[in-house]
Amino acid sequence: MAWESYGLDQLAQQLVLDAKAREPQSLNQAYKMRMATAYGLERFWGEHLRLQRREMNASLFWQETWAALVTVMARAGVNLPNQRVNPDDIASIRAISEALWQLPLNDQRVALAVLTQLCDSLVWWTQRYKG
């Protein structure tokens, strides 16, 4: 089997450019995303909910990054949840968290490794395009 990059660097560049076009200040989230990878998939996924009410552009950057990860992982044969949820819908939040915790350990590790690499690329592109 050959190495497959899944275009993570190009994907990260596009995510950063989209975020910059909406609100350049939201690029600060790239550093926070990279730090959040240490806490696991479910915490990374849930961060957009915390930001949704007070920093919508930042929340959108997190959501788009998660959606990009979901797409890449699907191509790799790992299915991650990506349903939209209301931050007040405890049952939906619990269901997505459970789905992430119930992933086979190897799938969790691969997804987290890919997410970490994606966030490393986000930080790199943020450093290039930040004001």
Side-chain angles (χ1 to χ4, degrees):
M1 177 177 254
W3 168 257
E4 171 61 62
S5 74
Y6 294 101
L8 293 179
D9 197 47
Q10 295 88 340
L11 193 54
Q13 181 189 33
Q14 190 59 53
L15 289 165
V16 168
L17 290 172
D18 291 347
K20 182 180 173 86
R22 277 191 304 272
E23 179 191 2
Q25 191 63 23
S26 68
L27 293 182
N28 292 331
Q29 295 299 313
Y31 303 99
K32 295 174 183 177
M33 286 183 208
R34 178 55 183 90
M35 289 188 314
T37 62
Y39 297 103
L41 296 172
E42 64 287 342
R43 291 187 185 183
F44 187 97
W45 169 81
E47 187 63 11
H48 80 281
L49 297 172
R50 185 182 73 79
L51 295 167
Q52 211 166 45
R53 286 196 177 99
R54 57 181 198 173
E55 296 180 60
M56 193 53 173
N57 286 320
S59 176
L60 192 55
F61 193 11
W62 284 80
Q63 286 176 329
E64 289 175 347
T65 300
W66 181 260
L69 174 68
V70 168
T71 299
V72 167
M73 295 311 302
R75 288 178 30 214
V78 176
N79 294 313
L80 300 175
N82 194 28
Q83 298 85 348
R84 293 245 187 233
V85 299
N86 180 315
D88 297 322
D89 186 353
I90 304 301
S92 294
I93 293 169
R94 185 172 286 136
I96 290 184
S97 295
E98 285 296 322
L100 289 168
W101 288 325
Q102 297 303 319
L103 285 171
L105 188 55
N106 194 50
D107 288 354
Q108 289 180 37
R109 288 177 178 158
V110 169
L112 199 51
V114 171
L115 178 60
T116 301
Q117 183 58 48
L118 178 59
C119 288
D120 283 346
S121 293
L122 287 173
V123 168
W124 194 92
W125 285 112
T126 294
Q127 290 171 340
R128 297 311 166 282
Y129 296 138
K130 204 169 172 189

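Note that the coordinates shown come from a computational prediction; the quantities given were computed from them, not determined experimentally.
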ask   = What orientation do H48 and W45 show, parallel under 30°, tilted 30 to 60°, or perpendicular over 60°?
value = perpendicular
ask   = Does any non-hydrogen side-chain atom of Q14 lie less than 4.5 Å from one of D18?
value = yes
Test side chain to side chain donor-acceptor pair (under 3.5 Å) applied to W125 and D9, step by step = CA-CA 9 Å; W125 285 112; D9 197 47; 3.0 Å; yes
inquiry  = If I compare all heavy atoms of L11 with all of A68, which pair ends up nearest, and what's the gap?
reply    = CD2-CB, 3.6 Å
inquiry  = Whether E64 and R22 form a salt bridge (side-chain N of Lys/Arg under 4.0 Å from carboxylate O of Asp/Glu) is what I want to check.
reply    = yes
note = Between V70 and P81, the two heavy atoms sitting closest are CG2-O, 3.9 Å
Check against side-chain contact (heavy atoms from CB on, under 4.5 Å), L41 and L103 = CA-CA 10 Å; L41 296 172; L103 285 171; 4.3 Å; yes
From CD (E47) to CE (M35), nearest 0.5 Å = 10.0 Å
task = Taking all heavy atoms of L69 and all of L118, pick out the closest pair and write down the distance.
result = N-CD2, 4.4 Å
query = Does D89 come within less than 4.0 Å of R94, counting only side-chain N to carboxylate O?
reply = no
query = Are L115 and V123 joined in one hydrophobic group, where the rule is that I, L, V, M, F, W and Y side chains link up if heavy atoms are under 4.5 Å apart?
reply = no
message = Using 0.5 Å steps for rounding, measure from the CG atom of L17 to the OH atom of Y129.
response = 5.0 Å
request  = Take M56 and L51 through the side-chain contact (heavy atoms from CB on, under 4.5 Å) test and state the conclusion after the steps.
outcome  = CA-CA 6 Å; M56 193 53 173; L51 295 167; over 6 Å; no
key: L8 reachable from F61 in the ILVMFWY side-chain graph, under 4.5 Å edges   = yes
ask   = Any side-chain heavy-atom pair from W62 and K32 closer than 4.5 angstrom?
value = yes
remark   = Heavy atoms of A19 and S26 approach each other most closely as O-OG, 3.4 Å
request  = Please step through side-chain contact (heavy atoms from CB on, under 4.5 Å) for the pair Y6 and M73, ending with a clear verdict.
outcome  = CA-CA 9 Å; Y6 294 101; M73 295 311 302; over 6 Å; no
key: Reported CG-to-CE distance for the pair N28 and M33, which is rounded to 0.5 angstrom   = 10.5 Å
ask   = Can you tell me how far the CD1 atom of I96 sits from the CD atom of Q83, to the nearest 0.5 Å?
value = 4.5 Å
note = Rounded to the nearest 0.5 Å, the CG atom of L60 sits from the CD atom of Q29 at a distance of 11.5 Å
ask   = In the single-linkage hydrophobic clustering (I, L, V, M, F, W, Y; side-chain heavy atoms under 4.5 Å), do L15 and W66 co-cluster?
value = yes
ask   = Is the shortest heavy-atom distance from the side chain of R53 to the side chain of P87 under 4.5 Å?
value = yes
request  = Apply side-chain contact (heavy atoms from CB on, under 4.5 Å) to Y31 and C119, showing your working.
outcome  = CA-CA 8 Å; Y31 303 99; C119 288; over 6 Å; no
Separation between NZ of K20 and CG of N57, rounded to the nearest 0.5 Å = 14.0 Å
task = State, with a plain yes or no, whether a side-chain heavy atom of S97 is found less than 4.5 Å away from one of L100.
result = no
key: Heavy atoms of other groups near Q25 CD, more than 12 under 6.0 Å   = no
ask   = Is it the case that Q13 and R128 place a side-chain donor and acceptor less than 3.5 Å from each other?
value = no
